[in-house]
Amino acid sequence: MLSGAIPLETSSRGRQSRWRLSLFWRTFFLLALLLIGSILAWLQTLRALEFEPRAFQTAQQIASLVNLSRAALIHSDAIARVSLIKTMREQEGVRIVPREPGDKFEPFDTDALGQRISLELRSKLGPGTELANSVNQEEGLWVGFVIDGDNYWMRTNRDRFNRMAGRTWIIWLITAAALSLAGAAVIARLINRPLKQLSFAASRVREGDFNASTLDETVATSEIRAVNIGFNRMSQKLAKIEQDRAIMLAGISHDLRTPLARLRLETELSVADPEARANMVTDIAQLDAIIGKFLEYARPDKVELSSVVLREVVDACLFNVRNRPDMRINLDLSEDLVVLADAVELGRVISNLLENAGRYGKSVHTGVAQVDIAAKARDKWVLIRVRDHGIGVSEAQLENLTKPFYRGEAARTAANGAGLGLAIVEKVVLRMGGTFALSNTSSGGLAANIKLQRAPTA
């Protein structure tokens, strides 16, 4: 029986998306970390090795400049000395001024390099030598020295003694890091390419496409070549098994169902007792149904997806159950819902769910199975729900109901079956690119939740 529309309930269980790092990026980050760490270690080593020569060379240059200035001032008269000081300031950027007792200066030796330079400079110029960063708040490289008992300051540009500017180090470090990251990306790609090919081939085998799962057996790396050869042999053996299974299934239908049909005919003609005859016919029909379930579950996984009108498939499946007195069907799906599926396989899914609901979803009070079928579109998917109003199952058994040959508690297994109905549904839905899940509803009963791809509109 069919009744009015019912709302589509959404599952309260949300699936949390877990962020995962691919093998390529993990390899890339590890290589990048190793290379950048090596660069920093080499940079620190070079700076440590450069420390002594740089301090000695800087002190030597400053001492030479001071000695030249001192010699020029000593051997010049008062008039020439003023002209010499002016020339040194304009042409060489060197300024010499008298050192007053009240001058305030900032010491130069505030770091390890400055301390080393100051020590070397005092050893070359003698006592009374001072080295400062600024004098009377005027920045520069200031050197205090003595000429004939008079104290002087010599100011010059500090940059002329920097062997390598900080910007040069930064540019070199960025360039080296960029080249290292590019090299890490190339190495990671080369390492992960065979694994990516193996992953693709494995996915093709899982889909049953054995022809597209052949790997290169002539690669240079011996370990990868051995893996590819082993995978190809395994794929060939699986293809042979699949072929043998198809041949075996083709013979099952004739070898088993034909004798069952003859046995049923002979039973109806030869058994006089109506009750015994009905029971034997029921047993034979059940055997035929179990054989059919085995054939459906062992069916090859290849399906051709096309645009299918969902309402038409559901109506076709309801044709055989709409007049059953022990079932009541409620529909809530529009006429324009189109999914990407195989019409025959989708009909098999709906029929199995209706059969399962009719068997195990009957009300304990009325003995009637009320089944709700609802569907709605959401983004690129169509959500389908088929639920009954029975007693449901325990939460611990939900995940096991889709396992082949699994049977739940006795309340849901009052009717005999092969235990393959829900396993067939999950298998068919997955190979059509969808998802399938079972859940208990808040108002009672078991709900089958299907998500299929929505067909693109023309």
State, without any angle test, whether N232 and E217 hold a side-chain donor-acceptor pair at a distance under 3.5 Å. yes
Is D326 close to K362 at the side-chain level, that is, under 4.5 Å between some pair of heavy atoms? yes
Got R348 and V313 here, is their nearest side-chain heavy-atom distance under 4.5 Å? no
Applying side-chain contact (heavy atoms from CB on, under 4.5 Å), name anything that partners E139, two or more places apart in sequence or on another chain. S134
Tell me, do L383 and I450 make a side-chain contact under 4.5 Å, heavy atoms counted? no
Taking side-chain contact (heavy atoms from CB on, under 4.5 Å) as the definition, give me every residue that meets it alongside V314, ordered by chain and number, with sequence neighbours left out. L310, L318, L331, L333, I373
Should V393 and N440 count as side-chain neighbours, where that means a heavy-atom distance under 4.5 Å? yes
Any side-chain heavy atom of R454 sitting closer than 4.5 Å to one from V338? no
With V386, the side chain to side chain contact (heavy atoms under 4.5 Å, CB included) member among V349, L353, D372, N352: L353
Close side-chain approach of S235 to T214, heavy-atom, < 4.5 Å: no
Ignoring hydrogens and geometry beyond distance, is a side-chain donor-acceptor pair present between D342 and S306 at under 3.5 Å? no
Under the salt bridge (charged side-chain N to carboxylate O under 4.0 Å, His left out) definition, can you give me all pairs with a residue in residues 185-203, not counting sequence neighbours? none
Do I384 and L452 come close enough that some side-chain heavy atom pair is under 4.5 Å? yes
Can you confirm if the NZ or CZ of R233 lies within 45° of the ring axis of F231 and under 6.0 Å from the centre of its six-membered ring? no
